[in-house]
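Following: one structure in structure tokens, then a few remarks.
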Amino acid sequence: MPIKVLPPDLAAKIAAGEVVERPASVVKELVENSIDAGSSQITVEIKSGGVEQVKVVDDGQGIPTEEVAIAFQRHATSKIDSQEQLDAIATLGFRGEALPSIAAVSRTVITTRQPLDQGGFRLELLWGEPVSSGSQGCPTGTAVEVSDLFGNLPARRKFLRSSSAETSRIQELVSRYALVFPGIRFQLMVDGRVSFTSPGNGLPREAMLAVYGPQAATAMLEVHGEDSETGYQVDGFAGAPSLTRANRTYMTFFVNRRWVQSRMLSFAVEEAYMGLLQVKRYPLTALNISIPYDEVDVNSHPSKREVRFREESRVFSTVQRAVRAVLVADSPVPSMNAPAGAPPPDSDYPRAMAPSFFPRSAFGGARTGAGMPDYQGALPGGPADAAAPRQPAPPLKVVGQLKLTYIVAEGPAGMFLVDQHAAHERVLFDRISQKTSEQELQSQPLLEPVPVELSPAQGDTLQANRESLENYGFQFEPFGDGSYLLRAVPAIFGEGDPAKSLLDVLDMTAFEGLVRQKEDVTAASIACHGAIRAGKPLTQPEMVALLEQLEATPNPHTCPHGRPTMVHFSSNHMEREFGRR
Ligand code: ADP
Ligand code: MG
């Protein structure tokens with residue numbers, strides 16, 4: 001076929017494909033136009049997942065009558081008119097492509113009126129061509145109605161998911177914008193019924209409540225962070241570590257209030273939650289990063305969902321630190337959730353004033369002070385505990401041991417089940433990590449060196465982590481042919497089989513290494529190997545000491561692998577279960 005320029009209608013369809021991928025993209029573009037128009041109220045109506053109809057009505061500034069037809073020409077925009085403005089975009093739109101693209105693949109009707117005009121104007125287009133226009137009475141603002149989407153592109157229409165899948169994309173989209181524009185009242189109607197409304201009163205927490213519902217909203221912490229050098233700001237919400245989801249879709253990011261997708265930002269948040277969440281669980285966040293317009297390139301993706309930062313690592317650390325700060329300041333004990341549909345979490349244990357079972361200053365320092373011997377194998381009562389000041393009244397009272405695995409304890413707000421292995425792992429992990437920052441972890445020399453044979457994979461792990469293994473108390477030297485001579489092990493391992501402890505730690509390190517930072521990996525593996533196992537009977541004083549030590553750690557609620565150390569059954573929950581209230 002000879003090369004020739006495509007006829008305009010065909011070119012328009014191709015271009016439209018970039019912008020209008022599915023009904024949700026139509027909603028996105030129209031809502032963004034309404035936001036750019038300074039609206040305080042935006043109503044979105046969809047029918048059959050948006051394929052039959054999408055209608056977006058706003059009360060914004062409207063379009064001058066004589067400009068309505070121009071708005072439907074390609075690259076027609078009122079938002080930028082120079083290269084400088086393209087380099088520092090402050091509006092959500094700027095390419096002037098949305099209206100022509102949408103119109104090219106649907107029947108589009110726009111009615112619009114500016115505040116000072118007497119009446120409004122209406123324009124109807126079919127497959128991109130105007131079919132009628134004229135004046136029409138209407139309220140101030142703009143209404144765009146898009147129907148029969150992809151009616152002239154049967155192939156694309158075939159590829160659309162079910163109408164319920166399209167609907168949920170649109171619900172997600174509208175609610176995300178409601179989060180970051182709390183001053184705008186959003187309403188979404190799905191097939192004639194109200195599906196979502198936001199209050200639009202300017203209060204971020206109330207917008208958040210409308211989006212996540214009362215149950216999740218009580219566990220959302222407010223994030224405000226600023227990098228003093230760059231002036232980058234991070235604001236929004238981050239879920240308490242007890243509130244997790246199985247995938248990343250609940251981590252929402254905005255850059256200058258533009259909804260974006262970014263692996264880098266997800267990593268920053270995951271990094272902030274490091275050690276607080278179970279493996280393969282993800283937090284709920286909604287964060288807006290405010291950054292000078294000229295330090296972010298929003299023009300790098302067809303539907304503007306991805307952006308590029310000039311100072312990527314600064315953005316990363318600003319986000320990571322802001323989120324980490326609120327999590328460290330306030331991480332609640334995972335609570336036994338009330339049954340679905342029940343009222344929000346119990347009033348005797350509200351997030352805002354979660355009882356401080358775990359005072360950070362009380363005796364954490366003294367207990368883990370330098371030079372203090374670690375206990376060996378058997379739990380407490382050792383010199384470490386004798387030396388540390390006792391807390392007068394233990395906040396958690398030990399009731400007993402369950403299945404040789406859990407410690408049953410009573411606290412001011414109900415019952416706690418503590419996993420003895422996870423709890424001890426947390427205690428050892430913190431002790432190990434602190435020790436290496438101050439001095440070397442105590443090493444226990446073996447009476448006779450023990451030869452250990454390693455698989456090639458284990459040998460690689462050993463080489464890759466040699467330094468931290470040695471810092472944490474292992475001593476070994478090559479003994480030829482994949483073998484090593486083990487001369488010392490971390491003192492916390494006590495009398496266990498030294499060869500097995502090295503193999504265990506190597507295997508765990510290899511496994512963990514896929515998901516964590518290097519130093520952490522070795523410490524977590526050593527803690528896990530050294531910690532008391534499920535199935536070990538514990539005496540009352542041992543359990544008391546373990547809980548006290550756990551309370552003294554900065555992150556008592558999860559083990560270093562991110563599993564919970566304890567589960568909380570609130571008094572209110574128990575009373576409800578027994579029909580007492
Ligand atoms: P862009 O948003 O990139 O400028 P669009 O094709 O989405 O391009 O819109 C073209 C122009 O039409 C906008 O620049 C704006 O001036 C006008 N416009 C579109 N939607 C609205 C609206 N809801 N209210 C007021 N003006 C609008
Ligand atoms: Mg636009």
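We count ligands from 1, going down the list as the structure has it; atoms in each ligand are counted the same way.
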Taking atom types as modelled, is there a side-chain donor on Glu124 or Ser133 under 3.5 Å from an acceptor on the other?
-> no
Distance-minimising heavy-atom pair for Ser34 and Ile42 = CB-CD1, 3.6 Å
Do you see a donor-acceptor pair shorter than 3.5 Å between the side chains of Asn256 and Ser290?
-> no
Under a heavy-atom criterion of less than 4.0 Å, does Arg95 contact ligand 1?
-> yes
Give the contacting part of Glu67 toward ligand 1: side chain, backbone, both or neither, where contact means a heavy-atom distance below 4.0 Å.
-> neither
Just need the protein heavy atom nearest to atom 17 (C) of ligand 1, so name the residue and atom and give the distance.
-> Ile63 CD1, 3.8 Å
re atom 22 (C) of ligand 1, the protein heavy-atom contact at minimum distance is Thr142 OG1, 3.8 Å
Examine the side chains of Gln61 and Gln114 and answer whether a donor and an acceptor come within less than 3.5 Å of each other.
-> no
Heavy-atom distances under 4.0 Å are what count here, so tell me which part of Leu99 touches ligand 1: side chain, backbone, both or neither.
-> both
Between Glu311 and Tyr232, is any side-chain donor less than 3.5 angstrom from a side-chain acceptor?
-> no
Tell me: protein heavy atom nearest atom 4 (O) of ligand 1, and distance?
-> Thr77 OG1, 2.5 Å
For Asn33 and Glu29, test the side chains for any donor-to-acceptor distance below 3.5 angstrom and give the result as yes or no.
-> no
If you scan protein heavy atoms around atom 2 (O) of ligand 1, the nearest is Lys79 NZ, 2.7 Å
Is it possible for you to check whether Arg245 lies under 6.0 Å from the centre of the six-membered ring of Tyr282, through NZ or CZ, and within 45° of that ring's axis?
-> no
Can a non-hydrogen atom of Pro100 be found less than 4.0 Å from any atom of ligand 1?
-> yes
Do other residues, nucleotides or ligands put more than 12 heavy atoms under 6.0 Å from Tyr250 OH?
-> no
Any idea which atoms of ligand 1 are less than 4.0 Å away from a heavy-atom of Phe94?
-> 1 (P), 3 (O)
Short N-O contact, Glu45 and Lys47, less than 4.0 angstrom | no
Ignoring water, what protein N, O or S atoms are under 2.8 Å from the Mg ion (ligand 2)?
-> Asn33 OD1
Closest heavy-atom pair and its distance - Trp127, Arg107 | CZ3-N, 4.2 Å
Can you pull out the closest protein heavy atom to atom 3 (O) of ligand 1? Residue, atom name and distance to 0.1 Å, please.
-> Gly96 N, 2.7 Å
Ligand-residue contact atoms, ligand 1 with Gly93, heavy atoms, under 4.0 Å | 2 (O), 3 (O)
Answer with side chain, backbone, both or neither: which part of Asp58 has a heavy atom less than 4.0 angstrom from an atom of ligand 1?
-> side chain
Please could you name the atoms of ligand 1 that Ala98 approaches to less than 4.0 Å, counting only its heavy atoms?
-> 6 (O), 7 (O)
Donor + acceptor pair across side chains of Asn572, Ser570 (<3.5 Å) | no
Dump the intermediate steps for side-chain hydrogen bond (donor to acceptor under 3.5 Å, both in side chains) on Gln171 and Ser195, then the final yes or no.
-> CA-CA 8 Å; Gln171 284 166 328; Ser195 141; 3.1 Å; yes
Have Thr252 and Arg176 got a donor and an acceptor in their side chains that come within less than 3.5 Å?
-> yes
How about Gln41 and Asp58: does a side-chain donor come under 3.5 Å of a side-chain acceptor?
-> no
Min heavy-atom dist Gly60 to ligand 1 below 4.0 Å = no
Within a distance under 4.0 Å of any heavy atom of Ala37, pick out the atoms of ligand 1 and give their elements.
-> 24 (N), 25 (C)
Reference residue Glu270; test salt bridge (charged side-chain N to carboxylate O under 4.0 Å, His left out); the match among Arg248, Arg324, Arg281 = Arg248
Between Asn33, Ile80, Thr91, flag the one that comes closest to atom 21 (C) of ligand 1 by a heavy atom.
-> Asn33
re atom 16 (O) of ligand 1, the protein heavy-atom contact at minimum distance is Ser78 OG, 2.5 Å
Got the closest protein heavy atom to atom 10 (C) of ligand 1, with its distance?
-> Ala76 O, 3.4 Å
